Amino acid sequence: MVDSITQEMEIQCSIDQAFELFTHGFGKWWPREYSWSQAGMESIGIEPKVGGRCTEIGPKGFQLDWGRVLEWRPPERLTLTWQIGPNRVPQPNPENASTIDIVFKAVSDSVTEVVFEHRDIHKHDEGAQAYRDALNSDYGWPFILRRYVDSVNT
């Protein structure tokens with residue numbers, strides 16, 4: 001079995017702002033270098049509803065869905081499929097997708113705890129453990145989520 005990845009962080013904003021930034025502001029903080037289009041990326045985002053697509057739009061209308069919304073419960077929880085496999089290969093079949101769950105908890109009116117969990121990584125089959133190790137490295141989720149936390153101040 002491949003272990004989940006869990007990251008916990010506190011951010012200096014209300015729970016509503018934290019959820020809004022993670023979801024509607026996704027394109028503001030997601031690293032362009034972690035997209036298929038990179039510098040040519042036109043937009044990246046999450047449709048705000050259960051069943052909503054997580055989509056990147058690149059040059060000349062290039063579009064790639066990289067997940068689906070499983071749970072949309074503002075401002076407390078967001079759950080997504082992660083349909084990007086090892087070697088950044090898209091996995092269109094949700095049966096082969098892992099799951100990302102983000103829970104937002106108000107610590108005070110101006111501080112929010114965010115608990116991020118990436119689980120079911122074993123569904124990516126061959127190479128799942130190496131994929132998990134890469135996602136948990138300094139250049140994986142810790143780097144990406146630091147961008148989210150840092151975006152609160154920009």
Side-chain angles (χ1 to χ4, degrees), residues 4-104 112 114-121 123-125 127-128 130-154:
S4 296
I5 297 168
T6 303
Q7 299 281 310
E8 297 180 20
M9 61 216 89
E10 278 192 0
I11 58 174
Q12 304 300 309
C13 64
S14 71
I15 189 172
D16 292 319
Q17 292 168 317
F19 189 88
E20 179 76 14
L21 179 61
F22 198 98
T23 57
H24 297 291
F26 193 81
K28 176 182 175 185
W29 60 268
W30 185 264
R32 287 184 172 274
E33 63 271 27
Y34 283 47
S35 69
W36 280 275
S37 304
Q38 299 194 357
M41 184 176 69
E42 292 179 15
S43 67
I44 191 167
I46 301 169
E47 288 182 321
K49 62 183 180 179
V50 171
R53 296 175 307 150
C54 305
T55 303
E56 172 186 335
I57 303 200
K60 300 184 184 204
F62 166 82
Q63 181 174 330
L64 181 77
D65 292 346
W66 49 267
R68 294 272 182 207
V69 176
L70 299 174
E71 185 172 4
W72 180 267
R73 201 173 50 182
E76 291 106 14
R77 178 175 240 127
L78 172 67
T79 307
L80 313 165
T81 59
W82 181 254
Q83 293 178 228
I84 302 170
N87 301 319
R88 298 182 57 196
V89 175
Q91 305 223 315
N93 183 348
E95 296 297 316
N96 297 328
S98 51
T99 306
I100 292 177
D101 190 41
I102 306 104
V103 176
F104 301 83
T112 302
V114 180
V115 179
F116 172 97
E117 181 187 19
H118 189 165
R119 62 179 181 263
D120 304 324
I121 300 169
K123 289 184 175 184
H124 293 290
D125 292 328
Y131 188 39
R132 186 252 180 230
D133 294 344
L135 289 168
N136 201 41
S137 75
D138 288 343
Y139 299 103
W141 286 122
F143 171 78
I144 294 167
L145 294 170
R146 271 192 305 276
R147 294 282 296 267
Y148 166 65
V149 171
D150 291 346
S151 71
V152 170
N153 300 318
T154 58

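Please read these numbers as outputs of a predicted model, since none were measured by experiment.
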Gap separating the NE2 atom of His124 from the CG atom of Asn96, nearest 0.5 angstrom: 8.5 Å
CD1-CZ distance between Ile5 and Arg119, expressed to the nearest 0.5 angstrom: 12.5 Å
Neighbour count >12 (heavy atoms, 6.0 Å) for atom CG, Asn93: yes
Flag side-chain contact, heavy atom, 4.5 Å: Gln7 against Val114: no
Note, Trp36 side chain near Pro90 side chain (heavy atom, < 4.5 Å): yes
Pairwise salt bridge (Lys or Arg N to Asp or Glu O under 4.0 Å) hits with a residue in residues 30-40, at least two apart: Glu33-Arg147
By ring pair (Phe, Tyr, Trp, His ring centres under 6.0 Å) - contacts of Phe116 (at least two apart): Trp141
Spatial distance of atom CD1 (Ile102) from atom CD (Glu71) [nearest 0.5 Å]: 10.5 Å
Summary of side-chain hydrogen bond (donor to acceptor under 3.5 Å, both in side chains) pairs that have at least one residue in residues 45-58, sequence neighbours excluded: Ser37-Glu56, Thr55-Asp65
Parallel, tilted or perpendicular: ring planes of Phe104 versus Phe19, cut at 30 and 60 degrees: perpendicular
Nearest-0.5 Å distance that lies between atom SG in Cys54 and atom CD1 in Ile100: 8.5 Å
4.5 Å side-chain heavy-atom contact, Glu20 and Asp16: no
Side chain to side chain, Ile46 and Leu78, heavy atoms closer than 4.5 Å: yes
Distance in Å, Ile44 CD1 paired with Trp66 CH2, rounded so as to fall on 0.5 Å steps: 5.5 Å
Rounded distance (nearest 0.5 Å) linking atom CD of Gln63 with atom OG of Ser43: 8.5 Å
Test side chain to side chain donor-acceptor pair (under 3.5 Å) applied to Asp133 - qualifying residues, sequence neighbours left out: Gln129
Return all side-chain donor-acceptor pairs below 3.5 angstrom for residues 79-86, not counting sequence neighbours, or 'none' if the list is empty.
{"unit_1": "Thr79", "atom_1": "OG1", "unit_2": "Asp101", "atom_2": "OD1", "d": "2.5"}
{"unit_1": "Thr81", "atom_1": "OG1", "unit_2": "Arg68", "atom_2": "N", "d": "2.7"}
{"unit_1": "Thr81", "atom_1": "OG1", "unit_2": "Gln83", "atom_2": "OE1", "d": "2.8"}
{"unit_1": "Trp82", "atom_1": "NE1", "unit_2": "Ile84", "atom_2": "O", "d": "3.3"}
{"unit_1": "Trp82", "atom_1": "NE1", "unit_2": "Tyr131", "atom_2": "OH", "d": "2.9"}
{"unit_1": "Gln83", "atom_1": "NE2", "unit_2": "Gln91", "atom_2": "O", "d": "3.0"}
{"unit_1": "Gln83", "atom_1": "NE2", "unit_2": "Pro92", "atom_2": "O", "d": "3.1"}

Expected output: side-chain Thr112 to main-chain Ile15 donor-acceptor under 3.5 Å: yes
Listed partners of Tyr34 passing ring pair (Phe, Tyr, Trp, His ring centres under 6.0 Å), at least two apart: Phe143
Pairwise side-chain contact, Cys13 with Leu21, heavy-atom cut-off 4.5 Å (strictly under): no
